[in-house]
Amino acid sequence: MASLGSLQFLSEPKAESSLLLYCINRRRPRSGSCGYWPRKSPVPLHLRGLSCGFSRSRDAEDGWLKCSFCRGRMSGLYDRGQFLSVRAAGMGSAEGDDGDSLETEDKLQATIEKSKRVLAMQRDLLNQIAERRKLVSTIKNSTISATEAETAYENGMSTSSHQDVASTSDNYTTFEDNVLGQTNGQSFSGSPLHSTKEAPESVLTKEPDKAERNLESQFSSKVTPSSSDSPEHSNNISSVSVQSTEMPSFLSSTLEVEPLEVEQNESLKESSLQNVDNETADPVSEDMEPPPLAGPNVMNIILVAAECAPWSKTGGLGDVAGSLPKALARRGHRVMVVAPRYGNYAEAQQIGERKRYKVDGQDHEVSYFQAYIDGVDFVFIDSPMFRHIENNIYGGNRVDILKRMVLFCKAAVEVPWHVPCGGICYGDGNLVFIANDWHTALLPVYLKAYYRDNGLMSFTRSILVIHNIAHQGRGPVDDFSFVDLPPHYIDLFKLYDPLGGDHFNIFAAGLKTADRVVTVSHGYAWELKTSEGGWGLHNIINEMDWKLRGIVNGIDTKEWSPQYDVHLKSDGYTNYSLENLQTGKAQCKEAFQRELGLPVHPNVPLLGFIGRLDHQKGVDLIAEAVPWLMGQDVQLVMLGTGRQDLEQMLRQFEGQHRDKIRGWVGFSVKMAHRITAASDILLMPSRFEPCGLNQLYAMSYGTIPVVHAVGGLRDTVEPFDPFNNTGLGWTFDSAEANKLINALGYCLMTYRQYKESWEGIQRRGMTKDLSWDNAARNYEEVLVAAKYQW
Ligand SMILES: Nc1ncnc2c1ncn2[C@@H]1O[C@H](COP(=O)(O)OP(=O)(O)O[C@H]2O[C@H](CO)[C@@H](O)[C@H](O)[C@H]2O)[C@@H](O)[C@H]1O
């Protein structure tokens, strides 16, 4: 039997607990492949001579027990839900491996090969950090030498993420008990400023990244000498910081309330334990499981968004929040989406305990609802603040919205501790948050201010995705009082506006604080850096260019497929594919003309527009083109909601041209699908478009997009080239009605006179890979880059 040496618990378990070790990526691959070891144990502080279950996870070069299947760290769960982190405190020899273990090793060879690259990266990183530490300690003549730190590490006295676990463990326990209510094996060792300067550092002690260096320089004048200079301080900082006036009030006010549905939770845990037993007992089938696509990069991912389709959606953000996570889960990650619970969602069940958070001085209670769908944990945060606004989720005045987002972000950042999905919380190891737009841009700030500055959640990273920079969460500087942060954090939010002077800007703070920033196309990534496209944030974006990446959105090919579209199954519509494109699409067009009371003309080109009625979407350019259009033999249907003058305009056009135009004012997912299927041409004259999803949906339905070549539209709609018979649609190069008319003229001519070319464009669009799988792979690269960024 292989021996692992001993295991060391990083927080002391109670005696006589039942212990269960599991891999942090237990969902991916399915739980059975991660070497569970359920066992009654008297639980001494060190467990010796472990074998059986651990023969799979003896690969622990960096001191952490790893699942040899997916390379995730092993963690401990004991005593019905309390967490421990566990690491090997001295590796035993592999001598005596039994046959079973060798066989397993052979079968897992491929996975191990893949992991080598990452291990090399880790070693590289460790070497670099060790080098730098030596340099720093020489310069500062630290009282504690690097040698001692290394010795401490080798003796298993420090964690890979924190300093002096042993010496801070008392404070740590107190803090966890008081503040988080759960333990995760993290120490609480003061701000990164202090820890990098003074403490005996572990091998993985964090080097400040560029963003943090900026913050350091901004904040250094405000660090008092007494707090930064004393080596003792870093040992005792937990108690100091907990009582500090800068400690967020919401943390200290995070109260545990009566446990909800305890029985349900317990039964969940029990069923999870049962699964473990069953799956452990079936080693053959677990070996059949293919390795996750993400290979050694599997992570715990929590995407946080103010809307999530199909439960809540006002636009493309909802679509992305509903579908990108599924693609990430398909790659093997454990993925959660966190969104507010605006209504009663049938699929989601109440879970976990209620918590309270302070917003503007008042306690707000939240509870959690969860549904596990397509490999993703969808968690909805319930609060009276979110209820009954499902038709107006961004409604209310500026301060109302701000308070909602403060509550949402405060609760969301703690979800990995409080919501036991499948019986097990995500915890903070190997965890990355993906925040979206200004609504959740506070999350990276809270992660830093409340946790990482205090030595907690040090391995957790945050990524901020820009879907639309035009909405930034702006307000007067006084709004800072609502976000409940230490006073010096105001510098992150303050932004000078040539028109309004200094103002408060949430997006600015999120961009500065996030570990990485993604936007939804390459074109938009470039535009964001210009004064025209950055909407006042271009300077900040230019400064953080190194952490910005453009990744083009994908589409949910289950939801948006002409072959399976549920909205095409009734009222005379039909599903279609490449095989019956012409007949199927013609049938949809006819059904649509009938449904909307338009003359049924199969050969009259049908033009569609779907989108918010605002300046961005350029619906006014279509309005300018209407007189020309009405001279053509075409039909036009527009679906949208937004600015009242533009809604009125749609109604007016319909009134004036009843035989040719329909203006549908409102939000109808069914109508959006039917327009996409029935139309021949989709118009997207957006003034700016970070990515745009409708043109992607259109292409997959054989509907030809005519778009303003900007942002993601330029990235995704390759212009038709009649000489080489390539391209996916028509583009025009500036947001002017005459340019739109010009492009549309060529498009209509092709529709009428060059059927073969037309069908070629349709076919290319329908066969293009528009799925999220590509994008998910790119996101994964960003997640990994963030993970290894210190
Ligand atoms: N009245 C209505 N009824 C029914 N459905 C309607 C509708 N109006 C819009 N929709 C739907 O909402 C979505 C709109 O998505 P877009 O990407 O085109 O724009 P949006 O500007 O909201 O998103 C922002 O975020 C997304 C996601 O990153 C970026 O693609 C985009 O460029 C950026 O502006 C589509 O699914 C569309 O069908």
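Predicted, not measured: the structure shown is a model, and the values here were computed from it. Start at 1 and go down the list; that is how both ligands and their atoms are numbered.
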> Looking at Arg674, Lys670, His673, which hits side chain to side chain donor-acceptor pair (under 3.5 Å) with Asp565?
Replying inline: His673

> Going by distance only, is there an N or O of Cys691 that falls short of 3.5 Å from an N or O of ligand 1?
Replying inline: yes

>> Within the structure, is a non-hydrogen atom of Trp664 found at a distance of less than 4.0 Å from ligand 1?
In response: no

> Got more than 12 heavy atoms from elsewhere within 6.0 Å of OH, Tyr564?
Replying inline: no

>> Give me the nearest non-hydrogen protein atom to atom 14 (C) of ligand 1 as residue plus atom name, then the distance to 0.1 Å.
In response: Gly316 N, 3.4 Å

> Going by heavy atoms, is Gly666 under 4.0 Å from ligand 1?
Replying inline: yes

> In terms of side-chain heavy atoms, does Glu559 have a donor or acceptor partner in Ser323 at a distance below 3.5 Å?
Replying inline: no

>> With a sphere of 6.0 Å drawn around OH of Tyr751, does it hold more than 12 non-hydrogen atoms of other residues, nucleotides or ligands?
In response: yes

> Considering only the protein, which heavy-atom contact is closest to atom 12 (O) of ligand 1, and what is its distance?
Replying inline: Gly315 CA, 3.4 Å

>> Considering non-hydrogen atoms of the protein only, which is the closest contact for atom 19 (O) of ligand 1, and what is the distance?
In response: Lys617 NZ, 3.1 Å

> Quick check, are the ring centers of Trp311 and Tyr342 under 6.0 angstrom apart?
Replying inline: no

> At a non-hydrogen distance cut-off of under 4.0 Å, which region of Asp319 contacts ligand 1 (side chain, backbone, both, or neither)?
Replying inline: side chain

> Which atoms from ligand 1 have a heavy atom of Val320 less than 4.0 Å away?
Replying inline: 27 (C), 28 (O)

> Of all the non-hydrogen atoms in the protein, which one sits nearest to atom 17 (O) of ligand 1, and at what distance?
Replying inline: Leu693 N, 3.1 Å

> Does Gly692 reach ligand 1 with a nitrogen or oxygen that is under 3.5 Å from one of the ligand's nitrogen or oxygen atoms?
Replying inline: yes

> Relative to the ring of Tyr524, is the ring of Phe688 parallel (under 30°), tilted (30 to 60°) or perpendicular (over 60°)?
Replying inline: parallel

> Looking at atom 10 (N) of ligand 1, what's its closest protein heavy atom, distance included?
Replying inline: Phe667 CE1, 3.8 Å

>> Below a 4.0 angstrom heavy-atom separation, can you tell me which part of Ser668, side chain or backbone, both or neither, approaches ligand 1?
In response: backbone

> Which residue supplies the protein heavy atom nearest to atom 11 (C) of ligand 1, what is that atom called, and how far is it?
Replying inline: Lys313 CE, 3.7 Å

> Any chance CG of Asn344 has more than 12 other-residue heavy atoms, nucleotides or ligands included, within less than 6.0 Å?
Replying inline: no

>> Minimum distance, heavy atoms only, to atom 27 (C) of ligand 1: which one of Asn553, Val520, Asn468 is it?
In response: Asn553

>> Suppose I only count heavy atoms of Gly611 and a 4.0 Å limit; which atoms of ligand 1 are within that range?
In response: 8 (N), 9 (C)

> If you count the atoms of ligand 1 from 1 in the order shown, which ones are under 4.0 Å from a heavy atom of Arg612?
Replying inline: 20 (P), 21 (O), 22 (O), 34 (O)

> Where do Ser679 and Leu607 come nearest, in terms of heavy atoms and distance?
Replying inline: OG-C, 4.2 Å

> Is the number of heavy atoms from other residues, nucleotides or ligands under 6.0 Å of Trp772 CH2 greater than 12?
Replying inline: yes

>> Can you tell me if Trp526 has over 12 outside heavy atoms packed within less than 6.0 Å of its CH2?
In response: no

> Mind checking whether Tyr697 and Trp560 have parallel, tilted or perpendicular rings, split at 30° and 60°?
Replying inline: parallel

> Which atoms of ligand 1 sit under 4.0 Å from any heavy atom of Pro690?
Replying inline: 32 (O), 33 (C), 34 (O)

>> Can you report which non-hydrogen protein atom sits closest to atom 33 (C) of ligand 1, along with the distance?
In response: His467 O, 3.4 Å

> To the nearest 0.1 Å, how far is atom 32 (O) of ligand 1 from its closest protein heavy atom, and which atom is that?
Replying inline: Glu689 OE2, 2.5 Å

>> Please work out, at 4.0 Å between heavy atoms, whether the side chain, the backbone, both, or neither of Gln616 comes within that distance of ligand 1.
In response: side chain

> Aromatic rings His657 and Phe653: how do their planes relate, parallel, tilted or perpendicular, breaks at 30° and 60°?
Replying inline: tilted

